[in-house]
Amino acid sequence: MKKLIALITLLAVHGLVPADENNTFVATTNEIGEQEIVMQASSYAYYPNKIIVQAGVPVVLKINKEGWVPHDLIIDDPASGLNIKQKLGKNNEVRFTPENKGEFVFYCGKKLPFAKSHKDKGMHGIIIVE
């Protein structure tokens, strides 16, 4: 049993356990008119990893990071006004207002020497701005 647990842990740590690619979330509007999304960052994945928001409406992305592995959130699209790099602690809030419609990739930019990046291990997603 200990060997099985060790193997599962090893696979998860090295990103060999596939992430669910079909977890889509449509943002809900809170009482002050912001689009609100609650996200988990863990095991080299974001849940949800596909988010749909409306252009021109402020977004509050609440990210709960699990575990001890360091992660961040990067949206690298300065032309659209989405130029975010946020180191993730236990509980985080990332605020932005998407002005342009389109699809924008977010990912974790962490990488250990001689290893795959967290993005390459599956820690990425997409924000669809309608």
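The figures here come from the full heavy-atom set of this structure, side chains too, leaving out hydrogens, waters and symmetry mates.
In this structure, Pro58 and Gly33 approach most closely via the heavy-atom pair CD-O, 4.4 Å. Counting all heavy atoms, side chain and backbone alike, Pro98 lies closest to Val53 at CG-CG2, 4.0 Å. Between Glu99 and Gly56, the closest heavy-atom pair is OE1-CA, 4.1 Å. Considering all non-hydrogen atoms of both residues, Ile127 and Phe96 come closest at CD1-CZ, 3.9 Å. Between Tyr46 and Cys108, the shortest heavy-atom distance links the atoms OH-N, 3.3 Å. Scanning all heavy atoms of the two residues, the minimum distance from Val38 to Pro48 falls at O-CD, 3.6 Å.
Leu82 and Ile52 fall into different hydrophobic clusters, defined by Ile, Leu, Val, Met, Phe, Trp and Tyr side-chain heavy atoms under 4.5 Å apart, directly or through other members. Hydrophobic clustering, with ILVMFWY side chains joined whenever heavy atoms are under 4.5 angstrom apart, keeps Val60 apart from Phe25. When hydrophobic clusters are built by joining Ile, Leu, Val, Met, Phe, Trp and Tyr residues whose side-chain heavy atoms come closer than 4.5 Å, directly or via intermediates, Trp68 is not grouped with Leu112. Put simply, Phe106 and Ile128 are part of two different groups of oily side chains (I, L, V, M, F, W, Y) that touch within less than 4.5 Å, one to the next.
Within the model, atoms CD of Glu103 and CD of Glu130 stand 9.5 Å from one another, a figure rounded to the nearest 0.5 Å. With values rounded to the nearest 0.5 angstrom, Lys101 atom NZ is found 14.5 Å from Ser80 atom OG. Of the inter-residue distances, the one linking Ile84 atom CD1 with Asp76 atom CG reads 10.5 Å to the nearest 0.5 angstrom. From Tyr47, atom OH reaches atom CD of Glu66 across 9.5 Å, with rounding to the nearest 0.5 Å. Here CG of Leu88 is found 6.5 Å from CG of Asp72. Values are rounded to the nearest 0.5 Å. Within the model, atoms CD1 of Ile126 and OG1 of Thr24 stand 10.0 Å from one another, a figure rounded to the nearest 0.5 Å.
In this structure the side chain of Val129 never reaches within 4.5 angstrom of the side chain of Asn100, judged on heavy atoms. Put simply, the side chain of Val69 reaches to within 4.5 Å of the side chain of His118, judged on heavy atoms. Within the 4.5 Å cutoff, side-chain heavy atoms of Ile51 are placed close to those of Met39. Within the 4.5 Å cutoff, side-chain heavy atoms of Leu73 are placed close to those of Val94.
In this structure, Lys85 places its NZ atom where only 12 or fewer heavy-atom neighbours from other residues, nucleotides or ligands lie under 6.0 Å away.
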Verdict with reasoning, Asn83 to Ile75, per side chain to side chain contact (heavy atoms under 4.5 Å, CB included) | CA-CA 6 Å; Asn83 192 17; Ile75 305 173; over 6 Å; no

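There is no side-chain donor-acceptor pair under 3.5 Å between Gln54 and Gln35.
The closest donor-acceptor contact from the side chain of Lys65 to the backbone of Gly67 lies under 3.5 Å.
Applying the side-chain contact (heavy atoms from CB on, under 4.5 Å) test to Pro70 and every residue at least two apart in sequence or in another chain returns Lys110.
Ile74 forms part of a hydrophobic cluster together with Val105, Tyr107, judged by ILVMFWY side-chain heavy-atom separations under 4.5 Å.
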